[in-house]
Engineer: 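A single structure is presented below for examination.
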Amino acid sequence: MTTIRDVARLAGVSISTVSLALNSPKRVGAETLDRIQQAIKSTGYRIDPVAQTLARGRSSLIGFVSANLGNMFFGDIRREIEHQALDHGYFVLIADSSGRADLERALLERLEAQKIAGIALAANGRGEEYATFLRDFKTPIVMFDQKVEGAERDFVGSDNPLTTTILTEHLLQLGHRRIGFISGPSGLHTADERLKGFMNTMAGAGVDIDPSLVVEGGYTRTGGHAQAMRLLTRRDRPTAIIGANNMTGLAALQVMQEMGFRCPDDVSLAMVDDVPWSNVITPRITMVVQDAQKLGELTAQRLLTRIASPEGAAAPPEDFILTPRFVRGESTRRL
C-alpha cells in the first residue's frame, strides 16, 4: 500500500512538506507543489481521511448549513465557499435545515461530533437561548445572510434595511402610496431588517401605512402565493407589491397572472434577490440584488482564517456588510 513516505521520497521532499501540500496547498511553492502532485499521481496515493482527522484533531471538512438549498441565492453562496475551501484543501459538507431551528441545532451538533473544521451557517434559530448555544459552540462558525444577535460570531451579510428602502423609494417616486409588503418570517434577521426598511421609508415620506397591507409570506413560494392572493382579492387592493425575497416576489407575479391582472399596468411589482433566467420572465422584475458571490467569498475567507491558527480563532468577531444593487426592470410603472 502506498504511503505518504513513498510520495515524499519520489518528490524529494520531507513528509511534513507533503502533508502541508495536502492540507494547505497555497503555503507550498508552485514548483514543489507540482512535484508532489506528480508523485501522488505516479504512486496512486490516496488520502486516509480518518488518519488525517486524527493527525489534525479535526477533519478536512467544512460544514455549510442553510434553510433552503433550492434557492439560487444560497446555491451561489455555497458554490463560492466550495471553491475557496478546495483551494485550501478542504471539502464542503452540505446540510439543509428546511428552516427548522431544531433540525439546524441537531445538524450543528452532529457536525461538531465529526470534528468538522468549521461551519458556514445561515441561521434560522433565534432568541437568547440559541445565541448562547452558538456562543458556546466549540467549532468555528461564521454566520452569513442570517444573524443571531448575541451569538458573538463573525457575520457576513447585506445591508438588509437598504434593500427595501431602495424599492420603497422607487415606488414612492412613481406615485404609489398603497404598497403591499410580503415579509419573511417574523423574528428572522433579514425579515425584520427588510420590514424595518419598508416601514421607516414609508413613515419618512409621510405616508400612512395600512397595517393590513403588510403580510407575512414566510420567504416561501407557497406562503407568498397565499398572501399575494389575499392582497389582490381585496376591493381596495394595493397598487404595488414588494416581495421581501425572490420566492415571494415570483409568487406574487404568479397570482397576478392567475387573476388576469397585467403587471405593471394593473399592479406594480418589485422584490429582493434575483432568480434563474430572470431575463426571460415577462415582465422583467424590478429588484434589488445581493452580491452572492462576494458574500460566499468573504464567508469562506473569514472561516478559513478562524481555522488556520489560534490567533485567527481568538480574534474578536466582526460584521462584514455589503451594499446591494438596484436593477430596474419592467414590472413597475408610474401611477
Side-chain angles (χ1 to χ4, degrees), residues 61-88 90-101 103-104 107-108 111 116-126 134 139-148 151 153-164 184-185 188-191 193-194 218-221 243-250 271-278 287-307 317-327:
L61 294 175
I62 287 174
F64 177 94
V65 181
S66 77
N68 184 4
L69 291 172
N71 190 321
M72 181 187 90
F73 172 68
F74 290 113
D76 288 345
I77 292 175
R78 173 194 55 76
R79 190 176 302 110
E80 186 59 32
I81 290 175
E82 283 188 302
H83 290 163
Q84 296 281 331
L86 284 170
D87 285 345
H88 290 80
Y90 290 92
F91 295 90
V92 178
L93 184 63
I94 301 164
D96 191 327
S97 69
S98 300
R100 289 173 42 200
L103 178 56
E104 178 177 286
L107 289 169
L108 292 174
L111 290 171
I116 202 155
I119 300 170
L121 171 67
N124 270 261
R126 58 201 84 162
L134 293 179
T139 302
I141 290 178
V142 173
M143 297 184 294
F144 68 93
D145 188 51
Q146 303 293 355
K147 182 178 183 179
V148 178
R153 297 284 183 170
D154 292 321
F155 172 66
V156 180
S158 298
D159 187 335
N160 281 286
L162 183 59
T163 61
T164 46
L188 197 64
H189 172 74
T190 57
E193 293 289 282
R194 291 173 191 178
Y219 276 168
T220 68
R221 195 156 187 171
N245 78 336
N246 48 14
M247 294 293 99
T248 51
L250 282 181
M271 70 183 188
V272 178
D273 286 338
D274 202 352
V275 292
W277 299 95
S278 60
M287 64 185 77
V288 167
V289 179
Q290 303 181 79
D291 190 341
Q293 181 176 342
K294 189 65 176 178
L295 289 170
E297 179 184 326
L298 287 174
T299 301
Q301 289 175 354
R302 194 60 182 168
L303 185 57
L304 290 166
T305 298
R306 291 286 182 190
I307 293 169
E318 294 184 57
D319 285 359
F320 301 85
I321 307 299
L322 303 183
T323 301
R325 176 172 56 92
F326 177 64
V327 179

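Everything numeric here is computed off the predicted structure, so don't read it as measured data.
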Engineer: What closest approach, in Å, do Ala67 and Asp96 show between heavy atoms, and which atom pair accounts for it?
Structural biologist: O-OD1, 2.8 Å
Engineer: Taking salt bridge (Lys or Arg N to Asp or Glu O under 4.0 Å) as the cut-off, I'd like each qualifying pair that reaches into residues 61-78, sequence neighbours left out, listed once.
Structural biologist: Asp76-Arg79, Arg78-Glu82
Engineer: Quick one, Met287 and Asp274 - any side-chain contact, counting heavy atoms below 4.5 Å?
Structural biologist: yes
Engineer: State the NE2-CD distance between His83 and Gln293, to the nearest 0.5 angstrom.
Structural biologist: 9.0 Å
Engineer: Using the side chain to side chain donor-acceptor pair (under 3.5 Å) definition, which of the options Glu193, Arg194, Gln290 pairs with Asn160?
Structural biologist: Arg194
Engineer: What is the distance from atom CD of Gln146 to atom CZ of Arg126, rounded to the nearest 0.5 Å?
Structural biologist: 8.0 Å
Engineer: Output the distance between atom CG (Leu111) and atom CD1 (Ile62), rounded to the nearest 0.5 Å.
Structural biologist: 11.5 Å
Engineer: Looking at residues at least two apart in the chain, or sitting in another chain, which of them share a side-chain contact (heavy atoms from CB on, under 4.5 Å) with Leu134?
Structural biologist: Leu108, Leu121, Tyr130, Ile141, Met143, Val148, Ala151
Engineer: Do Phe320 and Thr299 make a side-chain contact, defined as non-hydrogen atoms from C-beta onward lying under 4.5 Å apart?
Structural biologist: no
Engineer: For Ser66, give me all partners under side-chain contact (heavy atoms from CB on, under 4.5 Å), at least two apart in sequence or on another chain.
Structural biologist: Phe64, Leu69, Phe74, Ala122, Phe144
Engineer: Would you indicate whether the side-chain heavy atoms of Tyr219 and Asn71 approach each other to under 4.5 Å?
Structural biologist: no
Engineer: Under the salt bridge (Lys or Arg N to Asp or Glu O under 4.0 Å) test, which residues partner Arg221, sequence neighbours left out?
Structural biologist: none
Engineer: Shortest non-hydrogen contact from Asp273 to Met271?
Structural biologist: O-CE, 3.4 Å
Engineer: Starting at CG of Leu295, measure out to OG of Ser158 and round the result to the nearest 0.5 Å.
Structural biologist: 4.5 Å
Engineer: Below 4.5 Å, heavy atoms only, C-beta onward: do Thr220 and Met247 meet side chain to side chain?
Structural biologist: no
Engineer: Could you walk me through whether Thr323 and Asp159 pass side-chain contact (heavy atoms from CB on, under 4.5 Å), step by step?
Structural biologist: CA-CA 6 Å; Thr323 301; Asp159 187 335; 5.5 Å; no
Engineer: Going by the rule ring pair (Phe, Tyr, Trp, His ring centres under 6.0 Å), which residues pair with Phe326 if we only count those two or more places apart in sequence or in a different chain?
Structural biologist: His170
Engineer: If every non-hydrogen atom of Glu80 is compared with every non-hydrogen atom of Gly296, which pair is closest and at what distance?
Structural biologist: CG-C, 3.7 Å
Engineer: Starting at CZ of Arg100, measure out to CG of Asn124 and round the result to the nearest 0.5 Å.
Structural biologist: 11.5 Å
Engineer: How long is the gap from CD on Gln301 to CG on Leu304, to the nearest 0.5 Å?
Structural biologist: 8.0 Å
Engineer: Quick one: does any side-chain atom of Glu104 pair with a main-chain N or O of Gly125 as donor and acceptor, under 3.5 Å?
Structural biologist: yes
Engineer: How close do Ala117 and Pro140 get, counting heavy atoms only, and between which atoms?
Structural biologist: O-CD, 3.4 Å
Engineer: What heavy-atom pair brings Thr163 and Pro324 nearest, and what distance separates the two atoms?
Structural biologist: CG2-CG, 3.7 Å
Engineer: Please enumerate all residues that pass side-chain contact (heavy atoms from CB on, under 4.5 Å) together with Thr248, with sequence neighbours excluded.
Structural biologist: Ile182, Asn245
Engineer: Is the backbone N or O of Ala300 less than 3.5 Å from a side-chain atom of Gln84, with the two atoms forming a donor-acceptor pair by type?
Structural biologist: no
Engineer: Restricting to non-hydrogen atoms, name the atom on Ala191 and the atom on Pro185 that form the minimum distance, rounded to 0.1 Å.
Structural biologist: CB-O, 3.2 Å
Engineer: Going by heavy atoms in the side chains, are Val142 and Val156 under 4.5 Å from each other?
Structural biologist: yes
Engineer: Would you check, one step at a time, whether the test side-chain contact (heavy atoms from CB on, under 4.5 Å) holds for Leu86 with Phe91?
Structural biologist: CA-CA 6 Å; Leu86 284 170; Phe91 295 90; 3.6 Å; yes
